[in-house]
Amino acid sequence: MRVLYLALFLAGFAFSQEATAFIKYFRSDRDFVADNPLLATERKGLEHLVVAYNEKKQPILKIWVTATEDTAKKEMLSYDSEGKLSGRYLLNENGEVVKIIKYGQSEPWSREYRAYAFTKNENLSFEDQQSIFTLDPGGEVRTIEFRTVNQTPYGLITLAYDYLGYLKEEIWLSLPEGEVIRRFVYDFDIMTQVKQIWEFGRNNKLVSHVALQMAPEDELYKEPPPRTGNILDEVDVILEEIRAGRVIAPIPAIIPEMEWDRLVLKNGEEYQVEFISIEEGGIRFKMNNSDEILTIPLDRVRSVTNKWGERVYPQ
C-alpha cells in the first residue's frame, strides 16, 4: 500500500494545465532573476534560458538551451490557488523527471515523518518546508529529503528495490545526525503471491509483521468463472476506481518544440523555415533545404511561429 500511495502521489502531482501567455529569453539564471531578458534574435548561437509565463506573469516552464539549440534540462513550476509556489519538476535532457520538490507542511510524506519523529511538545515550525523526491533513470523514487524553510535538512527516507523493481526496504533517518529511527522491510513471493511487511522502530526493535496473500481467482469476481458475455466484472471495478480517484496527469501540455520555424502566408500556404529577422522590407529566412537567405514582404505573411511555439510575427 505504501508503494501504491507513492505512485498515486506522483501521478496526481498538482501541475495545472495552464496555457502559455508569453515567453522570454535570458542569458542566464542571474538575468532571469533580475528580469533582464534577451531579444529573440540575440539568442542565436548562445547558451540561454527560455521561460514561459502564464496569464498571471508567473513562470511555469524553464528550458536551458545550449549554443547549438539543444535542450540541456527543463523545470516545470506549479502554484496553489493563492498564487504561491507549491511544486517544481526537474527534468534532464531526455525529458526524464529526476527530482520533484513539494512545498508546504501539508505534504503527506513529511507530515507522516514528523508525526513519528517528533513529539507534540517540541516547539518546531515547518511552515513552507520542502519535500525533495529524487528519482533514478527508471523513474523509481530513491530518496525523500525534508528541509525547513531555511534549507536545514531534518529528515530523510531512503528506498531500495529488488531486481524486479519491487520495493524491498524503506529506511527513515533523522538529520543531521543520520540516526535510523524507523525501517520497513518488504518481501513479495511471486510463486505464492504473499506480501510480507516488517516494521522496526528505534534501536532496530521489531514493531509489527504483516503477511498478505492475494485472494483466489474464484473470489475476485461477482460471478465465478467460467463467465459468459462480452463484459468482464473487472472492467466495472477499474472504471469505478478511475472515477473515484481521477487525477491530473503530472506532465502538462508544454510548448511544442519543432525542428524548424513555421511561416504561414496569407493564402494559407505553410513552410518550414529558419527564421532570421524582421526587417523594414519584410521577413528574412532560409528554407529548410537551402543556405540562401530570402526576404518576403510583410503584407504576404499571416504569421511566423518559432520552433518553441512562440509567435514571432505579428507580435
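The residues of the chain are indexed from 1 along the displayed sequence. Since the structure is predicted, the reported quantities are computational estimates derived from the model, not experimental observations.
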Are the side chain of S174 and the backbone N or O of G178 linked by a donor-acceptor pair below 3.5 Å? no
For K56, is there any backbone N or O sitting under 3.5 Å from a side-chain donor or acceptor partner on N54? yes
Is R300 reaching over with its side chain to a backbone N or O of P297, donor-acceptor style, under 3.5 angstrom? no
Separation between OG of S110 and NZ of K102, rounded to the nearest 0.5 Å: 10.0 Å
Close side-chain approach of L39 and Y25, heavy atoms under 4.5 Å: no
Student check: side-chain heavy atoms of L49 and V51 closer than 4.5 Å: yes
Atom NZ in K168, atom OH in Y161: separation rounded to 0.5 Å? 11.5 Å
With a 4.5 Å cut-off on side-chain heavy atoms, are T152 and R147 touching? no
Between Y154 and F118, how do the two ring planes meet: parallel, tilted or perpendicular, split at 30° and 60°? tilted
For T66 against A72, the heavy-atom pair lying closest together: CG2-CB, 4.2 Å
Which label fits Y116 and W172: parallel for a plane angle under 30°, tilted from 30 to 60°, or perpendicular past 60°? perpendicular
Beyond-backbone contact of L167 with D162, side-chain heavy atoms, under 4.5 angstrom: no
Over all heavy atoms of both residues, which pair between V194 and A211 is shortest? Give the atoms and the distance, please. CG1-CB, 4.5 Å
Side-chain ion pair, D136 and R142, N-O less than 4.0 Å: yes
Taking side-chain hydrogen bond (donor to acceptor under 3.5 Å, both in side chains) as the test, write out the residues that go with E42, two or more places apart. none
What heavy-atom pair brings R111 and S106 nearest, and what distance separates the two atoms? NH1-O, 2.8 Å
Give the minimum heavy-atom separation between T20 and A52, together with the two atoms involved. CG2-CB, 3.8 Å
Going by heavy atoms in the side chains, are E69 and K44 under 4.5 Å from each other? yes
Ion pair check, R183 and E170, cut-off under 4.0 Å: no
Taking the side chain as C-beta and beyond, is there a heavy-atom pair between E127 and T148 under 4.5 Å? no
Counting only heavy atoms not in N203 (residues, nucleotides, ligands), do more than 12 fall under 6.0 Å from its CG? no
Is it true that the side chains of W198 and D187 contain a donor and an acceptor less than 3.5 Å apart? no
Is the closest basic N to carboxylate O distance between R182 and E199 below 4.0 Å? yes
Tell me whether the NZ or CZ atom of K99 lies within the 45° cone about the ring axis of Y89 and under 6.0 Å from its centre. no
Please output the side-chain donor-acceptor pairs of residues 272-281 that fall under 3.5 Å, not counting sequence neighbours, one pair per line with the distance.
residue: Q272; atom: OE1; partner: N288; partner atom: ND2; Å: 3.4
residue: S277; atom: OG; partner: E279; partner atom: OE2; Å: 2.8

Under 3.5 Å donor-acceptor, R114 side chain and Q105 backbone: yes
So, S131 versus Q129: side-chain donor-acceptor pair below 3.5 Å or not? yes
Indicate whether the side chain of T158 and that of T143 have a donor and an acceptor atom separated by less than 3.5 Å. no
Tell me whether V141 is reachable from I171 by hopping between hydrophobic residues (I, L, V, M, F, W, Y) whose side-chain heavy atoms are closer than 4.5 Å. no
Of all the heavy-atom pairs spanning F285 and I283, show the shortest one and how long it is. CD2-O, 3.5 Å
In terms of side-chain heavy atoms, does R302 have a donor or acceptor partner in Y313 at a distance below 3.5 Å? no
Are the side chain of Q58 and the backbone of G83 linked by a donor-acceptor contact shorter than 3.5 Å? yes
Following the transitive rule for hydrophobic clusters with a side-chain heavy-atom cut-off under 4.5 Å over Ile, Leu, Val, Met, Phe, Trp and Tyr, establish whether V97 and F133 coincide in one cluster. yes
For V185 and F200, the nearest pair of non-hydrogen atoms, with its separation, is CG2-CE1, 3.9 Å
Report the C-alpha distance between I23 and V50 in whole Å, list the side-chain angles of each, state the deciding distance to 0.1 Å, and finish with yes or no for side-chain contact (heavy atoms from CB on, under 4.5 Å). CA-CA 7 Å; I23 298 172; V50 183; 3.6 Å; yes
State, with a plain yes or no, whether a side-chain heavy atom of Q196 is found less than 4.5 Å away from one of Y186. no
Supply the atom-to-atom distance K62 NZ to L91 CG, rounded to the nearest 0.5 angstrom. 13.0 Å
Using atom types as modelled and distance alone, determine if a side-chain donor or acceptor of N94 lies under 3.5 Å from a backbone N or O of E96. no
Would D189 and K195 satisfy salt bridge (charged side-chain N to carboxylate O under 4.0 Å, His left out), going step by step from the backbone distance to the final call? CA-CA 7 Å; D189 191 317; K195 178 79 174 185; over 6 Å; no
Between D128 and K84, is there a side-chain N and carboxylate O pair less than 4.0 Å apart? yes
Salt bridge flag under 4.0 Å for residues K73 and E93: no
V312-V264 co-clustered via ILVMFWY side chain contacts under 4.5 Å: no
Answer yes if V207 and I181 sit in the same cluster of Ile, Leu, Val, Met, Phe, Trp and Tyr residues linked by side chain heavy atoms under 4.5 Å apart, and no otherwise. no
Hphob cluster co-occupancy, I157 + F184, side-chain heavy atoms under 4.5 angstrom: yes
If you define the side chain from C-beta out and look only at heavy atoms, does anything of S78 sit under 4.5 Å from Y103? no
Rounded at 0.5 Å granularity, tell me how far CH2 in W64 sits from CZ in F26. 11.5 Å
Run E75 and R88 through salt bridge (charged side-chain N to carboxylate O under 4.0 Å, His left out) and show every step you take. CA-CA 7 Å; E75 179 180 329; R88 293 162 55 199; 2.8 Å; yes
Working to the nearest 0.5 angstrom, can you tell me the gap between K286 NZ and W260 CH2? 9.0 Å
So, does Y113 use its side chain to make a donor-acceptor pair with the main chain of F146 at under 3.5 Å? no
